[in-house]
Amino acid sequence: MSQSSATVPSNSPYSDIPSISTKFFEAKARKGLTFDEIAKALGKDEVWVAAAFYGRILSREQAKFSADELKKLSDVLEISSVESLAALGDHWWPNRGLGPMPPTDPVIYRLYEVCSHIFSRVKVRLN
């Protein structure tokens with residue numbers, strides 16, 4: 001595996017994730033694991049695990065690791081559970097935002113554009 005695939009890019013979509021998440025992504029890449037494999041080890045859904053890696057909130061459910069889940073994750077990824085708990089313990093909460101507005105990531109920007117331009121027309125038709 002090349003060095004570039006083992007690190008989290010420093011462009012804007014990743015700039016606001018918790019610093020420990022970088023270690024999660026590097027360990028995930030180093031071990032060749034998928035979100036699904038990690039999710040099965042934690043007893044969670046793969047989308048939930050991905051959201052937790054990025055420090056995001058999923059609709060009404062918090063994608064926040066419990067202390068036990070952080071310990072299991074640390075074991076799976078073979079990283080320090082003490083460091084994981086210190087970074088994402090009870091004091092930390094997931095981010096609700098998408099980052100800068102308007103978004104700078106091309107894919108997220110297109111979704112933002114669809115929501116802001118097309119949905120206003122749909123709303124008018126529904127009312």
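This chain uses plain numbering: 1 for the first residue, then up along the sequence.
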Exercise. Does the side chain of V49 come within less than 4.5 Å of F24's, by heavy atoms?
Worked result: no

Problem set entry | same_hphob_cluster(V82, L70) at 4.5 Å side-chain heavy-atom cutoff | no

Seminar exercise, completed: Of E26, E37, E78, the one forming a side chain to side chain donor-acceptor pair (under 3.5 Å) with K31 is E78

Exercise. Quick one: do K72 and D68 make a salt bridge, cutoff under 4.0 Å?
Worked result: no

Exercise. Can you tell me how far the NZ atom of K44 sits from the CG atom of L73, to the nearest 0.5 Å?
Worked result: 12.5 Å

Exercise. Between CG of L42 and OG of S66, what distance do you get to the nearest 0.5 Å?
Worked result: 8.5 Å

Exercise. Does the separation of the ring centres of F35 and W48 fall below 6.0 angstrom?
Worked result: no

Problem set entry | Spacing of CD1 belonging to I38 relative to CD belonging to E69, to within rounding of 0.5 Å | 13.0 Å

For this session: State the OG-NZ distance between S84 and K23, to the nearest 0.5 angstrom.
Result: 8.5 Å

Problem set entry | side chain to side chain contact (heavy atoms under 4.5 Å, CB included) between L77 and L33, intermediate numbers included | CA-CA 9 Å; L77 297 178; L33 295 171; 4.0 Å; yes

For this session: Under the ring-ring contact (aromatic ring centres under 6.0 Å, His included) rule, what do Y54 and F25 come out as? Steps first, then yes or no, please.
Result: CA-CA 9 Å; Y54 284 98; F25 281 109; 4.9 Å; yes

